[in-house]
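Input: a single structure, listed below in structure tokens.
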Amino acid sequence: MEIVIQESAEQLARMAADVIEDVVRTNPNPVLGLATGSSPLPIYTELIRRHREEGLSFAHCTAFTLDEYVGLPAGHPESYHEVIRNEFTRHVDIDDARVFSPDGSADGLESAGERYDAAIKAAGGVDVQILGIGSDGHIAFNEPGSSLSSRTRLKTLTAQTREDNARFFDSLDQVPIHALTQGLGTILEARRLVLIATGAGKAQAVANMVEGPLAAFCPGSVLQLHNHAIVLVDEAAASGLTHSDYYRLSFDRKPAWQKL
Ligand code: GLP
């Protein structure tokens with residue numbers, strides 16, 4: 001796991017965008033893993049800018065979102081399928097029909113996870129997966145206690161996650177109870193992971209993920225098992241890390257040929 005500490009979310013976003021641009025420009029059929037939440041928004045802003053100003057094309061890309069609420073009607077503005085469309089994909093030239101989300105509508109929920117994992121596999125697997133982290137250490141909607149080898153499936157959201165996400169709905173009651181989420185085992189299969197966390201509210205989760213034990217209690221800690229995971233954090237989100245001096249040193253001394 002490589003930890004990169006920078007002052008601003010914009011600097012972090014440019015680094016994440018560099019990784020994604022590299023995949024998009026060098027791979028004939030890139031598969032992107034997209035995440036919702038506020039943390040990745042500066043990454044999408046930067047990618048949209050590169051699309052408009054620098055000709056970065058996503059026309060040959062396929063994309064899979066990490067998760068989806070269960071029970072929201074298709075087209076609901078807070079369904080993650082719509083959110084990712086509004087925040088990123090409709091502003092670039094990716095084909096809408098190649099942006100996939102788990103199917104959280106009522107029909108076929110039992111097999112929706114299996115079908116989603118099969119679709120990711122059929123597309124060739126995710127080349128680069130963007131991630132955020134919840135204040136309790138969850139990634140996607142893998143709440144604490146999620147199996148470290150879990151596959152895409154239905155999860156019950158914790159009270160904390162529902163409260164955190166209530167800001168997007170008119171009231172807490174409207175936040176769905178369940179979600180379909182890529183499992184931790186599914187996420188680990190992506191070739192590269194890029195997690196972004198900003199703000200003091202994420203400091204404890206980041207410390208547990210990076211320096212705590214590998215534990216289902218902190219789902220983000222599963223990144224310790226991945227051979228190409230980058231954790232991009234601002235100073236506030238890094239404030240709980242014990243070895244931040246080492247992370248800064250190793251980033252400063254990184255050989256030029258060794259890209260992120
Ligand atoms: C939700 C999403 C996660 C996201 C988390 C944190 O639970 N399912 O993918 O990482 O929120 O969101 P934010 O970045 O807004 O703090």
Side-chain angles (χ1 to χ4, degrees), residues 8-10 12-13 16 32-46 63-72 76-88 99-102 104 113 116 126 128-146 150 152-169 172 174-184 186-188 190 193-210 218-223 229-234 236-238 240:
S8 72
E10 287 68 31
L12 299 170
L32 307 179
L34 304 178
T36 47
S38 27
S39 309
L41 292 180
I43 304 177
Y44 299 137
T45 303
E46 176 61 12
F64 289 88
T65 65
L66 276 174
D67 45 11
E68 181 58 282
Y69 288 116
V70 166
L72 295 183
H76 188 289
E78 291 309 326
S79 73
Y80 279 178
H81 193 259
E82 280 304 296
V83 168
I84 214 70
R85 229 186 132 252
N86 286 325
E87 283 167 355
F88 177 47
V99 181
F100 299 95
S101 302
Y116 200 62
V126 171
V128 54
Q129 176 65 60
I130 300 170
L131 294 165
I133 187 163
S135 55
D136 61 0
H138 75 254
I139 56 174
F141 271 134
N142 293 281
E143 297 286 24
S146 290
S150 47
T152 303
R153 71 220 181 285
L154 182 117
K155 282 297 287 183
T156 306
L157 303 181
T158 62
Q160 174 75 56
T161 298
R162 292 187 66 238
E163 276 164 33
D164 285 352
N165 291 358
R167 65 189 193 277
F168 299 113
F169 293 84
L172 181 57
Q174 293 180 9
V175 184
I177 307 275
H178 296 111
L180 279 169
T181 179
Q182 284 192 34
L184 296 173
T186 316
I187 292 168
L188 277 185
L193 303 180
V194 179
L195 185 143
I196 183 164
T198 48
K202 299 292 171 69
Q204 188 62 53
V206 167
N208 290 344
M209 165 176 70
V210 174
C218 178
S221 68
V222 80
L223 267 68
I230 306 157
V231 174
L232 301 170
V233 281
D234 68 359

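When a ligand or atom number is given, it counts from 1 through the structure's own listing order. Below, all heavy atoms of this structure are taken into account, side chains as well, without hydrogens, waters or symmetry copies.
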- Please state whether the rings of Y80 and F141 are parallel, tilted or perpendicular, taking 30° and 60° as the class boundaries. parallel
Write 'none' if nothing qualifies; otherwise put on separate lines each N/O atom of ligand 1 with a protein N/O atom under 3.5 Å away and their distance to 0.1 Å.
{"residue": "ligand 1", "atom": "7 (O)", "partner": "H138", "partner atom": "NE2", "Å": "2.8"}
{"residue": "ligand 1", "atom": "8 (N)", "partner": "D67", "partner atom": "OD2", "Å": "2.8"}
{"residue": "ligand 1", "atom": "8 (N)", "partner": "A140", "partner atom": "O", "Å": "3.2"}
{"residue": "ligand 1", "atom": "10 (O)", "partner": "I133", "partner atom": "N", "Å": "3.4"}
{"residue": "ligand 1", "atom": "14 (O)", "partner": "S38", "partner atom": "N", "Å": "3.3"}
{"residue": "ligand 1", "atom": "14 (O)", "partner": "S39", "partner atom": "N", "Å": "2.9"}
{"residue": "ligand 1", "atom": "14 (O)", "partner": "S39", "partner atom": "OG", "Å": "2.5"}
{"residue": "ligand 1", "atom": "15 (O)", "partner": "S38", "partner atom": "N", "Å": "2.7"}
{"residue": "ligand 1", "atom": "15 (O)", "partner": "S38", "partner atom": "OG", "Å": "2.6"}
{"residue": "ligand 1", "atom": "15 (O)", "partner": "R167", "partner atom": "NH2", "Å": "3.1"}
{"residue": "ligand 1", "atom": "16 (O)", "partner": "K202", "partner atom": "NZ", "Å": "2.6"}

- Query: Of the non-hydrogen atoms in T152 and Q182, which two are nearest, and what is the gap between them?
  - Reply: OG1-CA, 3.2 Å
- Message: Can you confirm if the aromatic rings of F168 and Y69 lie within a centre distance of less than 6.0 Å?
- Response: no
- Taking side chain as C-beta onward, heavy atoms only, is V222 less than 4.5 Å from I139? yes
- Message: Counting C-beta onward and ignoring hydrogens, is there a side-chain heavy-atom pair between P176 and H76 closer than 4.5 Å?
- Response: no
- Message: If we ignore hydrogens and angles and just use 3.5 Å, is the side chain of E68 paired with the main-chain N or O of H81 as donor and acceptor?
- Response: yes
